[in-house]
Amino acid sequence: EDQVTQSPEALRLQEGESSSLNCSYTVSGLRGLFWYRQDPGKGPEFLFTLYSAGEEKEKERLKATLTKKESFLHITAPKPEDSATYLCAVLSYNTDKLIFGTGTRLQVFP
Amino acid sequence: NAGVTQTPKFQVLKTGQSMTLQCAQDMNHEYMSWYRQDPGMGLRLIHYSVGAGITDQGEVPNGYNVSRSTTEDFPLRLLSAAPSQTSVYFCASSTGTGFGETQYFGPGTRLLVL
């Protein structure tokens, strides 16, 4: 069965304190791994898609990486406006549907 | 473009009542889908549509109906609301090749069933 696990559930950082969020997955044939950002009271907003192990993508202070078992979302020198819940989702050849993790709630304090 | 819009933003129902959650998109996307989001659980797919006139079930379809008469609209119907359907509902759309493409989500409808 396809599974996605995100850790930690919550993360509190001081402004400027870099860290990483983890997304571990078990799927029968990965078609793609997706990262979304969700602000309180809003719908998820697309960040990145990764397709194969070794792939990396960057956007401002965020960098997503992918291995055969997990993906990391690295946040470099975060700012308070980076506070949000970050969702990971995988798409497998088996189900052809997105499977979402439960998210990591990030709080960045000034 | 307005993107994906959802109405209402918030609704309170009594057990057994029916209602329709509205979803519309102006991006001419073929794929549209409905998810529910509950505390401690990931977004779960309820129903989806690959184009006008075509719908299919997702992971948690029981208690919900959908139809797709136009490309723009994809309403979700609760025929007889139950407290277990208390949740936040998100509609999403994507380009024609489906779930592998970027999903654009609406702002959500918060539903409370008493």
Side-chain angles (χ1 to χ4, degrees), chain A residues 1-10 21-52 55 57 59 64 66 71 84-105, chain B residues 2-10 21-25 27 29 31-50 55-61 74 76 87-111:
Chain A
E1 182 182 341
D2 296 341
Q3 279 191 320
V4 178
T5 303
Q6 291 189 246
S7 61
E9 288 186 15
L21 282 57
N22 178 263
C23 172
S24 299
Y25 63 90
T26 304
V27 296
S28 51
L30 180 71
R31 282 184 59 188
L33 186 141
F34 305 80
W35 283 99
Y36 284 84
R37 169 189 171 130
Q38 186 174 23
D39 293 301
K42 296 188 177 181
E45 179 183 350
F46 172 76
L47 291 173
F48 304 108
T49 306
L50 302 167
Y51 293 104
S52 58
E55 189 175 0
K57 289 194 176 173
K59 179 181 180 180
L66 180 65
S71 176
T85 295
Y86 291 85
L87 305 175
C88 170
V90 296
L91 181 67
S92 76
Y93 285 103
N94 181 39
T95 64
D96 203 31
K97 309 290 187 299
L98 284 174
I99 306 296
F100 281 85
T102 54
T104 292
R105 187 175 70 255
Chain B
V4 179
T5 58
Q6 293 183 238
T7 56
K9 290 184 179 181
F10 182 71
L21 280 63
Q22 301 292 344
C23 174
Q25 52 91 10
M27 296 174 283
H29 285 167
Y31 268 67
M32 295 186 74
S33 49
W34 277 102
Y35 293 86
R36 60 178 288 172
Q37 187 174 42
D38 301 293
M41 304 188 75
L43 286 159
R44 292 182 292 168
L45 182 65
I46 304 172
H47 285 286
Y48 66 100
S49 169
V50 302
T55 63
D56 206 346
Q57 297 181 349
E59 179 186 358
V60 288
F74 190 43
L76 178 71
S87 187
V88 182
Y89 292 85
F90 290 101
C91 178
S93 73
S94 62
T95 57
T97 53
F99 291 105
E101 301 299 320
T102 300
Q103 302 289 309
Y104 294 87
F105 286 84
T109 293
R110 283 145 188 81
L111 177 66

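Letters go in sequence order (proteins before strands), and every chain restarts at 1. All values reported here derive from a predicted model rather than from experimental measurement.
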May I ask you to decide if B/Gln103's main-chain N or O and A/Tyr36's side chain share a donor-acceptor pair within less than 3.5 Å? yes
Just how far is it from atom CG of A/Asp96 to atom OH of B/Tyr48, taken to the nearest 0.5 Å? 7.5 Å
Distance from B/Thr102 atom OG1 to A/Phe34 atom CZ, nearest 0.5 Å? 7.0 Å
Honestly, the part of B/Leu43 sitting under 4.5 Å from a heavy atom of chain A is both
Quick one: closest heavy-atom pair of B/Leu45 and A/Lys97, and the distance? CD2-CD, 3.7 Å
For residues 38-47 of chain A, the side-chain hydrogen bond (donor to acceptor under 3.5 Å, both in side chains) pairs (sequence neighbours left out) are A/Arg37-A/Asp39, A/Gln38-B/Gln37
For the CZ atom on A/Arg105, are there more than 12 heavy atoms of other groups (residues, nucleotides or ligands in this structure) within a distance under 6.0 Å? no
Part of B/Arg44 lying under 4.5 Å from any heavy atom of chain A: neither
Does any backbone or side-chain atom of B/Tyr35 lie under 4.5 Å from a heavy atom of chain A? Answer side chain, backbone, both or neither. side chain
Where on A/Ile99 is there a heavy atom nearer than 4.5 Å to chain B: the side chain, the backbone, both, or neither? neither
According to side-chain hydrogen bond (donor to acceptor under 3.5 Å, both in side chains), who are the partners of B/Ser49, at least two apart in sequence or on a separate chain? B/Arg68
Looking at A/Gly101, A/Pro44, A/Gly41, which makes the most heavy-atom pairs under 4.5 Å with chain B? A/Pro44
